[in-house]
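First the structure, in the form of structure tokens, and then the observations on it.
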Amino acid sequence: MLSKLFTATMQGLNAIPVTMEVNCSDSTMPHFIIVGLPDNAVKESQERVLSALNVNGYNVPVKKTVVNLAPADVRKEGSGFDLPMAIGLMMALEKLDFENPEQYMFIGELGLDGTILPVKGALPISIKARSMGLKALFVPVENAREAAVVDRLEVYGVHHICEVIDILNGVKEAKPTVVNTREEFYEEQLKFDYDFSEVKGQENVKRAFEVAAAGGHNIILVGSPGCGKSMMAKRLPSILPPLSLGESLETTQIHSVAGKLKKDTSLISQRPFRAPHHTISDVALVGGGTTFMPGEICLAHNGVLFLDELPEFSRTVLETLRQPLEDRVITVSRAKYTFTLPCSFMMVASMNPCPCGYHHHPTHACVCTPAQITRYMNKISGPLMDRIDIQVEVENVPFEDIAKAPKGEPSESIRERVVRARKIQEERFKSHKGIHCNAQMTTSLLQQYAVLDDASMEQLRTAMRRLNLSARAYDRILKVSRTIADLEGAEHIQRQHVAEAIGYRNLDRDNWFE
């Protein structure tokens, strides 16, 4: 007998519906074959499926069994075909009969005892099932809350193959998983492990983080070991504008495909913070591999990518960031696939001022020569540095100041100012597609929205000459000036806004190495 039912496979970040056809017939040469471009994990499904059914008393007679995965020209990867294959085999053997099988989709990996194990990509698959107009989706119970975010689709989280068979046969009644998406999303949105109130001193750096968050600017921190660069970077998500539901859904899909969602998670409610080690490869950073996996820059989408000890990353890894930072998408091309992935993130980088780490330190002598310092700084290319709007030198806080310093301003207060500034920018750029914050402004938009009066222009001209700032600093200063003005609610950029923005170009100064 021939049976048909729906399942799905992943291509990049998108789910592709797959029609699974199972045909069992008598033959003098019984065998089990899977066709339709299956990978090794799919080919091995035969042993898992037969064992799971036999162990639970569903004896599978020896027959010629052909499993077809259509469309046949799309490669099928992963172990999520186990459950639909088992259900299709039971239907083909006439041991399972239920109405309208074309209204159901199944996904899940089987253990040898019939336990249903979690899979990757449950959320995109759930979205695809709803778009197909299906009635219900059966997923492993660990993926149920993730898939149940999608409305107008019944999602059943199941533990065991026997449970699925009993539900379909009408022996057992099951209730679909229900998630109050909005309530849970907004409850968890403002709960952070780190807060800027815990940071003592470093007021100028905290101000730089506020400006960076308000305008979506990339930022680099330069300071000696132990001055608090990593500590403050970890607190950046607590002052960023909260995720919208649309952003959260997009971010959750990426983490779902990568298998990075925590157990019983529905939607990601906080902006991601990714901090890869400096030994990371370029493929791990941008994504790809023999079996596609999203890279760190995609996992940081709508959040923060923190690169600690920036010069220690390999040159090839750092250069792969140039195009994603500019376009906020990346096209991953490999021999077997080409995918375009979103990667709109804020880059936060930190580094020592020299190889020993104590250049410009007030009490610790630096042992590096000027040539060593220059060589160390040159590990970061000009085009990459060109994409970093704010450059801040972080100084060590003396012990006396740490002991006496009062509790700092909480992240909640800073976030309120950031959100107000972002709303101004959203209104400003509402007619410009793909532009959401000041950091994304093009040259033409700078000429329209970052116009300086004569006094401010003269101040900028003087600073460019005296500090010998590079030409690339000009646009960055204008963007940051516009953000500072937005934080103050000023319609036009004023002299004090330009002065503060100039102060955030430390590494562009010729005398920085001296």
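It should be emphasised that the depicted structure is a prediction, and the values quoted were computed from it without experimental measurement.
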With no hydrogens and no angle check, just 3.5 Å: does a side-chain donor-acceptor pair link Glu319 and Ser381?
yes
Evaluate the side chain to side chain contact (heavy atoms under 4.5 Å, CB included) criterion for residues Glu77 and Met10: first the C-alpha distance (whole Å), next the side-chain angles of each, then the deciding distance (0.1 Å), finally the verdict.
CA-CA 8 Å; Glu77 298 177 341; Met10 297 302 304; over 6 Å; no
Can you establish whether the number of heavy atoms outside His492 located under 6.0 Å from its atom NE2 is more than 12?
no
Which heavy atom of Ala501 sits nearest to which heavy atom of Ile477, and what is that distance?
CB-O, 3.6 Å
Under a 4.5 Å cut-off applied to non-hydrogen side-chain atoms, are Leu305 and Arg274 in contact?
yes
Sidechain N-carboxylate O distance under 4.0 Å for Arg495, Asp453:
no
To check you understand the geometry: which heavy-atom pair defines the closest contact between Gln440 and Ser344, and what is its length?
NE2-OG, 4.2 Å
Nearest heavy-atom pair of Phe196 and Arg235: which atoms, and what distance?
CE1-O, 3.3 Å
Test your reading of the model: is there a side-chain donor-acceptor pair from Glu296 to the backbone of Ala284, 3.5 Å cut-off?
no
Distance in Å, Ser481 OG paired with His497 NE2, rounded so as to fall on 0.5 Å steps:
8.5 Å
Within 6.0 angstrom of Lys206 NZ, more than 12 heavy atoms from elsewhere
yes
Heavy atoms from other residues, nucleotides or ligands near NZ of Lys423 exceed 12 (cutoff 6.0 Å):
no
What do the steps show when you test Leu384 against Leu325 for side chain to side chain contact (heavy atoms under 4.5 Å, CB included), and what is the final call?
CA-CA 9 Å; Leu384 179 61; Leu325 284 171; 3.7 Å; yes
Any donor-acceptor pair under 3.5 Å from Thr177 side chain to Arg145 backbone:
no
Decide yes or no for Phe81 and Val119: does some side-chain heavy atom of the first lie under 4.5 Å from some side-chain heavy atom of the second?
no
Less than 4.5 Å apart, side chain to side chain, heavy atoms only: is that true for Ile254 and Leu341?
no
Ignoring hydrogens and geometry, is there a side-chain-to-backbone donor-acceptor pair from Asp195 to Glu198 under 3.5 Å?
no
Would you name the heavy atoms of Gln459 and Ile502 that are closest together and state the gap between them?
O-CD1, 4.3 Å
Rounded to the nearest 0.5 Å, how far does NZ of Lys234 lie from CG of Asp308?
8.5 Å
Any donor-acceptor pair under 3.5 Å linking the side chain of Thr462 with the backbone of Glu458?
yes
Tell me whether Lys76 contacts the main-chain N or O of Thr9 through its side chain, where contact means a donor paired with an acceptor under 3.5 Å.
no
Is it the case that the side chain of Glu247 and the backbone of His301 share a donor-acceptor pair, with hydrogens and angles ignored and the cut-off at 3.5 Å?
no
Nearest-0.5 Å distance that lies between atom OG1 in Thr19 and atom CE in Met105
8.5 Å
Look at the side chain of Arg482 and the backbone N and O of Tyr449, then say whether any donor-acceptor pair between them is shorter than 3.5 Å.
yes
Do Ile280 and Phe313 touch side chain to side chain, with heavy atoms closer than 4.5 Å?
yes
Indicate yes or no: at least one non-hydrogen side-chain atom of Phe292 is less than 4.5 angstrom from one of Arg334.
no
Is it the case that the side chain of Arg422 and the backbone of Ala214 share a donor-acceptor pair, with hydrogens and angles ignored and the cut-off at 3.5 Å?
yes
Report, as yes or no, whether the 6.0 Å neighbourhood of atom CG on Asp151 holds more than 12 heavy atoms from other residues, nucleotides or ligands.
yes
Within the supplied structure, the quantity of interest is the number of heavy atoms (other residues, nucleotides, ligands) at a distance under 6.0 Å from Tyr194 OH; does it exceed 12?
no
Under 3.5 Å donor-acceptor, Gln202 side chain and Cys227 backbone:
yes
Give, for atom CD of Glu146 and atom NE2 of His255, the distance between the pair rounded to the nearest 0.5 Å.
11.5 Å
Given side chain to side chain contact (heavy atoms under 4.5 Å, CB included), test Val149 with Ser126 step by step and report yes or no.
CA-CA 9 Å; Val149 166; Ser126 180; over 6 Å; no
Looking only at heavy atoms, what is the nearest atom pair of Asn352 and Gly357, with distance?
CB-CA, 3.8 Å
Please name the pair of heavy atoms, one in Val419 and one in Pro241, separated by the smallest distance, quoted to 0.1 Å.
CG2-CA, 4.1 Å
Does the side chain of Ile297 reach to within under 4.5 Å of the side chain of Phe345, using non-hydrogen atoms?
yes
Output the distance between atom CD1 (Ile424) and atom CG (Asp486), rounded to the nearest 0.5 Å.
5.0 Å
Are Arg505 and Val480 close enough, and set up right, to give a side chain to side chain contact (heavy atoms under 4.5 Å, CB included), and what steps lead you there?
CA-CA 10 Å; Arg505 301 301 303 180; Val480 175; over 6 Å; no
Hydrogens and angles aside, do His359 and Tyr376 bring a side-chain donor and acceptor to less than 3.5 Å of each other?
no
Distance check, rounded to the nearest 0.5 Å: Phe209 atom CZ versus Ser411 atom OG?
11.0 Å
Taking atom OH as the centre, does Tyr474 end up with more than 12 heavy-atom neighbours from other residues, nucleotides or ligands that are less than 6.0 angstrom away?
no
Check whether any side-chain heavy atom of Thr181 sits under 4.5 Å from a side-chain heavy atom of Ser266, and report yes or no.
no
So, applying side-chain hydrogen bond (donor to acceptor under 3.5 Å, both in side chains) with Asn438, which one of Lys479, Arg428, His217 is it?
Arg428
Answer yes or no: is there a side-chain heavy-atom contact under 4.5 Å between Ile330 and Gln323?
yes
For Asp282 and Thr320, what are the C-alpha separation, side-chain angles and deciding distance, and is it a side-chain hydrogen bond (donor to acceptor under 3.5 Å, both in side chains)?
CA-CA 7 Å; Asp282 51 353; Thr320 60; over 6 Å; no
Backbone N or O of Asp386 within a donor-acceptor pair of the Arg476 side chain at under 3.5 Å?
yes
By the definition ring-ring contact (aromatic ring centres under 6.0 Å, His included), identify the one residue from Phe138, Tyr104, Phe106 that meets it with Tyr156.
Phe138
